[in-house]
Participant: 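First, the structure itself, so that you have it in front of you.
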Amino acid sequence: MPAVSKGDGMRGLAVFISDIRNCKSKEAEIKRINKELANIRSKFKGDKALDGYSKKKYVCKLLFIFLLGHDIDFGHMEAVNLLSSNRYTEKQIGYLFISVLVNSNSELIRLINNAIKNDLASRNPTFMGLALHCIANVGSREMAEAFAGEIPKILVAGDTMDSVKQSAALCLLRLYRTSPDLVPMGDWTSRVVHLLNDQHLGVVTAATSLITTLAQKNPEEFKTSVSLAVSRLSRIVTSASTDLQDYTYYFVPAPWLSVKLLRLLQCYPPPDPAVRGRLTECLETILNKAQEPPKSKKVQHSNAKNAVLFEAISLIIHHDSEPNLLVRACNQLGQFLQHRETNLRYLALESMCTLASSEFSHEAVKTHIETVINALKTERDVSVRQRAVDLLYAMCDRSNAQQIVAEMLSYLETADYSIREEIVLKVAILAEKYAVDYTWYVDTILNLIRIAGDYVSEEVWYRVIQIVINRDDVQGYAAKTVFEALQAPACHENLVKVGGYILGEFGNLIAGDPRSSPLIQFNLLHSKFHLCSVPTRALLLSTYIKFVNLFPEVKTTIQDVLRSDSQLKNADVELQQRAVEYLRLSTVASTDILATVLEEMPPFPERESSILAKLKKKKGPSTVTDLEEAKRERSADVNGGPEPAPASAASTPSPSADLLGLGAAPPAPAGPPPSSGGLLVDVFSDSPSAVAPLAPGSEDNFARFVCKNNGVLFENQLLQIGLKSEFRQNLGRMFIFYGNKTSTQFLNFTPTLICSDDLQTNLSLQTKPVDPTVDGGAQVQQVVNIECVSDFTEAPVLNIQFRYGGTFQNVSVKLPITLNKFFQPTEMASQDFFQRWKQLSSPQQEVQNIFKAKHPMDTEVTKAKIIGFGSALLEDVDPNPANFVGAGIIHTRTTQIGCLLRLEPNLQAQVRLLEERASYARAVFWLWCGMGPKWGRLRSSERCVPLCNLRCPADT
Amino acid sequence: MIKAILIFNNHGKPRLVRFYQRFSEDTQQQIIRETFHLVSKRDENVCNFLEGGLLIGGSDNKLIYRHYATLYFVFCVDSSESELGILDLIQVFVETLDKCFENVCELDLIFHVDKVHNILAEMVMGGMVLETNMNEIVTQIDAQNKLEKSETFIFQSPRQDR
């Protein structure tokens, strides 16, 4: 018997729907709907109280009208009233209306919450189910506030019915998704984990979904779920297909639950050996089953079986630790690549993409290249072809780059418009990344422009010019090739741009050949001129003036062109201005001047490929899945612990102690103003990020960089970080080199610069992301552009996260960008020095410190350090020749701060006195700290030099 | 997570619309149109997955659909769902509808919107799969119907009903 008999139900509703269906036109339909809306409105507003049945009928009509795409702006109140009905049918329709159509009217939410509260307390499982559904479907913050505490109790209570448990688990999951802060972990978590052992598979499925989401954010809390999930999975996988009865779907035992369990396991690294063995058995069984003959010819059977198989393969890839399983997975996917089911081919291509990045299976994936290329050529479905392009991109390396790029290029000729731009970017990136022979690179890009010129973005053609300019071995070839390409009667404007630029720079390299003499080159370019847009024409005008410099013999021809009305009187200001200026330049400037002005372009600084950045932007952050992020966060938590160690603890046991010591000493003319105490403490508090604690030893390295700009900042067994930096006034540029010391690729390589809020306002850092994969033995470079906006005290932290083999690595080092880098030396005569010294005598403007030298004092070393620190070393200024005196200006965007510095070594006591005065007190405090760890410090008990000795000689 | 479940016919007329992520009513209608446009132009026998339209979140989402006679069943899901699993879920949904309505057809969906919603609610809750066992689902629906019947007998008197 059918569960829903067609006869009963609401007749009025059926009549209304029939009316609508009989409407001959859209207008008639709208008219009928408006009539009905008016009817319902009047019924709702009328004096006569409606019974539950009528309310239900009208609410149903409203739902139907809403489905047709009409806004419903009333009826909510009636729906809420239905919630408090004692009849199931009325209550149910009320909840349905609320779930589909709720608006954020807070008054209403309060009433709804009240009704839900009553139903949750009713202990009637049907009503509880309806209430839980409503919470899950609406999932608003107000509901989370009202029920986040209650639902865990329902979930783990012993007497809750299975169906309610199921709903409660998913309800809690929904609330956690919308308002994680309102769902605190507690005693219930361990009991939820044990739901994995529940008799009822529906409860297990719901609980697995819940735990998977919770575990991504709280891995420690749910660690025990791993072994339970493995044993549950093992029981399912090894069961005969009839064991699980209703949960067997087309001969596959509990496919959805298996998928969920495999997903849950992907939240964790490979488990410890005992559990791992059992899991490996499960995975092997799943792979084996794929080879067995199907138990049914129905597609549902193969779908369910393969859903589990693909999830198992994802887990194998995620663990990335069992070469044997990885290769088997790859072979299995290889079979699917040729399967007659399109769905399987699609999914196989997609999974292989991730497999290609594992070192164990990269080679195995590569063996399928012909199949994938074939897919690109023959698949009827664009979604599948797109996955094939993705996979080719992922499996590309030096050995097959030429083949893959060639195939992508030929596919581009017929590719769907929607994916052309992406393919263009991919080809451009692969061609650059794997170019051994740069003539091949140039050919590829020119082909790219020829085939899909419209989809070649500016970044692509800028990049080819950068590369040609930076590599002199390819310049002649590039000039020859663009010259030949320009011969085509119709060529794409992007080609004219590239051709114009390259001939302007390197046309001389082919001018010796009479077939490409200067005049022929010029005529060729100029024949395209009139077909081009304004920016291209402007570029060509620049090429012409470069020709004037390169080839004096065409000077008059070019001058004639520039002089023509169409140039000199061009309506476009930019073109006109260029024509006028270039013409003038060519007439008045001597050959020498011309040669200097139009000198060959200097090489471009190496930076991250702008194309790669563009592709990343296009693909969005989706390349990193939620899971991946969760994993990353987790590894940070595990390694870092909740409390990052104070940055400076390693080398300076009590950073604030000396300040207090100084300040507490009774007469303390040089003591810092009370307000500054906080500042100094700030210096030593670590940035409040959740990244890994600073790598051991990094503080020492950091101090080393205070007085120098280049060197190795960090090194461990895997990674070396080198720095090269330059600073001028308030600007700087730092090249960070990341060297992969292993022979294995780093994956998801993500360096991040972390500045505290305070620092962010004072120091501006700009950089581009680097390529997420770093090949074994390779080095990647990142450029950071730095601007000092205002004086600052902390240093930014460089956090590097990447995947090496199966493990996540997380390294943090302090990046030595310190205020003194913006210190410009100033020369000063003795008299000036002491005059200023005296002017800067207020306590806020002065800092002094006495400290014990860590190392024997060597005059030359000390001098070098003062210079390295950034200030000028002023000789013959201080009457005492043993003292060192320095002066400089700190440049920031907003201000300039002059600083004077004196160092008075006391050789006998090995105590040095460092005095510093600046026109800006905060800066000085910082300088202190910058110097501190390097120069050593004196604790208060060691203050042996009478304070009067600190006075400047000129004062006495 | 399942972001939305849409059922529309070959002409794009919606027959069931269920969003589990909040969108304004206008956007909901646009998403239905966009999805219909993406799905309906595809040949039969191509794969059942495609990247989601821009409105619903672009390539981070997948549309997983099946075409039965006059109706398209489309599930829009994020990357945390198994494609084949969802495909089977659609099948379970349709088989369940078939059991409940006996040879289900488009008209059943039109005239029993509330019932279809109830059946779906037994399977998917707040965007998460609640139950996949068809017998369990049908049992629940049966129980609901019994409840409904008993209420009808007790409370409802025959009347002119318009």
Side-chain angles (χ1 to χ4, degrees), chain A residues 2-4 8-12 14-15 17 21 53 60 63-64 67 69 71 87-89 92-93 96 100 126 133 136-137 139 163 166-167 170-171 173-174 202 205-206 209 246-247 249 255-256 259 263 300 303-304 306-307 310-311 342-343 345-347 380-381 383-384 619-620 622 625-626, chain B residues 1 14-18 20 25 29 42-43 45-51 58-60 79-80 82-85 87-89 91 99-102 108 110-115 117-118 121 125-133 135-136 138 140-142 144-145 147-148 151-152 155-156 161-162:
Chain A
V4 178
D8 52 52
M10 291 162 282
R11 206 171 79 84
V15 171
I17 294 174
R21 288 174 51 77
Y53 171 80
C60 264
L63 271 176
F64 184 77
L67 179 66
D71 279 0
R87 285 196 234 172
Y88 169 73
T89 44
Q92 187 198 37
I93 212 80
L96 177 59
V100 175
T126 317
H133 265 90
N137 288 329
S163 64
Q166 250 170 301
S167 302
L170 294 186
C171 189
L173 166 53
R174 177 59 189 254
T205 311
S209 297
D246 286 354
Y247 283 87
Y249 177 80
W256 284 279
V259 165
R263 283 265 160 158
Q300 283 82 0
N303 275 353
N306 292 325
F310 274 108
E311 216 50 61
T342 318
N343 288 339
R345 296 199 301 274
Y346 176 97
L347 293 174
R380 286 168 51 216
D381 187 349
S383 319
V384 184
K619 290 303 263 184
S622 64
T625 64
D626 285 356
Chain B
M1 175 184 170
R15 294 307 178 204
L16 176 93
V17 177
R18 197 75 179 80
Y20 296 101
E25 278 135 39
Q29 290 298 322
R42 292 170 63 82
D43 295 338
N45 299 326
V46 296
C47 78
N48 298 78
F49 322 123
L50 65 157
E51 284 185 1
S59 55
D60 286 355
S79 60
S80 69
S82 150
E83 289 92 343
L84 290 173
L87 206 56
D88 276 347
L89 190 69
Q91 176 71 19
K99 274 200 177 159
C100 294
F101 286 109
E102 218 171 11
D108 294 320
I110 297 171
F111 283 97
H112 301 279
V113 176
D114 53 328
K115 295 273 172 358
H117 269 292
N118 290 345
M125 172 174 159
M128 299 301 306
V129 180
L130 178 65
E131 185 56 75
T132 53
N133 174 353
N135 293 338
E136 182 94 26
V138 174
Q140 290 284 345
I141 297 290
D142 275 337
Q144 288 177 18
N145 285 323
L147 217 63
E148 197 170 323
E151 287 179 355
T152 317
F155 298 106
Q156 195 194 337
D161 185 12
R162 188 69 198 242

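Every chain is numbered from 1 and lettered A, B, ... according to where its sequence line falls, protein lines coming before strand lines.
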Participant: Measure across B/R15 and A/L67 and return the closest heavy-atom pair with its distance rounded to 0.1 Å.
Facilitator: O-CD2, 3.5 Å
Participant: Given that the side chain runs from C-beta out, which part of B/E131 has a heavy atom under 4.5 Å from chain A: side chain, backbone, both or neither?
Facilitator: both
Participant: Given that the side chain runs from C-beta out, which part of B/V17 has a heavy atom under 4.5 Å from chain A: side chain, backbone, both or neither?
Facilitator: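 Contact with chain A involves both backbone and side-chain atoms of B/V17.
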Participant: With rounding to the nearest 0.5 Å, note down the distance linking CG in B/L50 to CG in A/D381.
Facilitator: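 Spacing of CG (B/L50) from CG (A/D381) equals 8.0 Å.
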Participant: Tell me, out of A/L173, A/I17, A/N306, who's got the most heavy-atom pairs with chain B below 4.5 Å.
Facilitator: A/I17
Participant: Donor-acceptor check, side chain of B/D88 to backbone of A/A304, threshold 3.5 angstrom: yes or no?
Facilitator: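 Yes.
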Participant: Given that the side chain runs from C-beta out, which part of B/Q140 has a heavy atom under 4.5 Å from chain A: side chain, backbone, both or neither?
Facilitator: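 For B/Q140, the contact with chain A is made by the side chain alone.
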Participant: Looking at chain B, which one of A/S167, A/A136, A/C171 has the largest number of heavy-atom pairs inside 4.5 Å, strictly under?
Facilitator: A/S167
Participant: With side chains defined as the heavy atoms from C-beta onward, is the minimum distance between A/Y249 and B/Q91 less than 4.5 Å?
Facilitator: yes
Participant: Please look at A/R21 and chain B and tell me whether the side chain, the backbone, both or neither of the residue comes under 4.5 angstrom of a heavy atom of that chain.
Facilitator: side chain
Participant: When you compare the side chain of A/E311 with that of B/L84, does any pair of heavy atoms fall below 4.5 Å?
Facilitator: no
Participant: What part of A/S163 is in contact with chain B, defined as an atom under 4.5 angstrom from a non-hydrogen atom: side chain, backbone, both or neither?
Facilitator: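 The answer is the side chain of A/S163.
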Participant: I'd like to verify something: which residue of B/M128, B/Q29, B/M125 has the highest number of heavy-atom pairs under 4.5 Å with chain A?
Facilitator: B/M125
Participant: What is the distance from atom CD1 of A/I93 to atom CG of B/N118, rounded to the nearest 0.5 Å?
Facilitator: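 The CD1 atom of A/I93 sits 6.5 Å away from the CG atom of B/N118.
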Participant: Side chain from CB out, backbone as N, CA, C, O: work out which of these in A/Y346 comes under 4.5 Å of a heavy atom of chain B, or both, or neither.
Facilitator: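 Just the side chain, heavy atoms under 4.5 Å.
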Participant: Quick one: does A/N343's side chain have a donor or acceptor within less than 3.5 Å of a partner on B/N48's backbone?
Facilitator: yes
Participant: For B/N133 and A/Y247, which heavy atoms make the closest approach, and how far apart are they?
Facilitator: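 Looking at all heavy atoms of both residues, the shortest contact is ND2-CE1, 3.3 Å.
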Participant: Do B/V113 and A/C60 come close enough that some side-chain heavy atom pair is under 4.5 Å?
Facilitator: no
Participant: Is there side-chain contact between B/T132 and A/T205, with heavy atoms separated by less than 4.5 Å?
Facilitator: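 B/T132 vs A/T205: side chains apart.
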Participant: Checking the side chain of B/E148 only, and the main-chain atoms of A/Y88 only, is there a donor and an acceptor separated by less than 3.5 Å?
Facilitator: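 Checking the backbone N and O of A/Y88 against the side chain of B/E148, no donor-acceptor pair under 3.5 Å is found.
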Participant: Check step by step if side chain to side chain contact (heavy atoms under 4.5 Å, CB included) holds for A/Q92 and B/D114.
Facilitator: CA-CA 9 Å; A/Q92 187 198 37; B/D114 53 328; 5.9 Å; no
Participant: Where the side chain of A/R263 meets the backbone of B/S80, is there a donor-acceptor pair that is under 3.5 Å apart?
Facilitator: yes
Participant: Given a strict heavy-atom distance threshold of 4.5 Å, which part of A/L347 is in contact with chain B: side chain, backbone, both, or neither?
Facilitator: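 Contact with chain B is through the side chain of A/L347 alone.
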Participant: Does B/A121 offer a backbone N or O that forms a donor-acceptor pair with the side chain of A/H133 under 3.5 Å?
Facilitator: yes
Participant: Counting C-beta onward and ignoring hydrogens, is there a side-chain heavy-atom pair between B/R18 and A/N137 closer than 4.5 Å?
Facilitator: yes
Participant: Against chain A, work out which of B/C47, B/G127, B/G85, B/S82 has the most heavy-atom pairs shorter than 4.5 Å and name it.
Facilitator: B/C47
Participant: Which bit of B/L89 is near chain A, if near means a heavy-atom gap under 4.5 Å: side chain, backbone, both or neither?
Facilitator: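 Both parts, backbone and side chain.
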Participant: Is chain A contacted by the side chain of B/L87, its backbone, both, or neither, given a heavy-atom distance below 4.5 Å?
Facilitator: side chain
Participant: Of all of A/T342, A/T126, A/D71, which one pairs up most often with chain B through heavy atoms under 4.5 Å apart?
Facilitator: A/T342
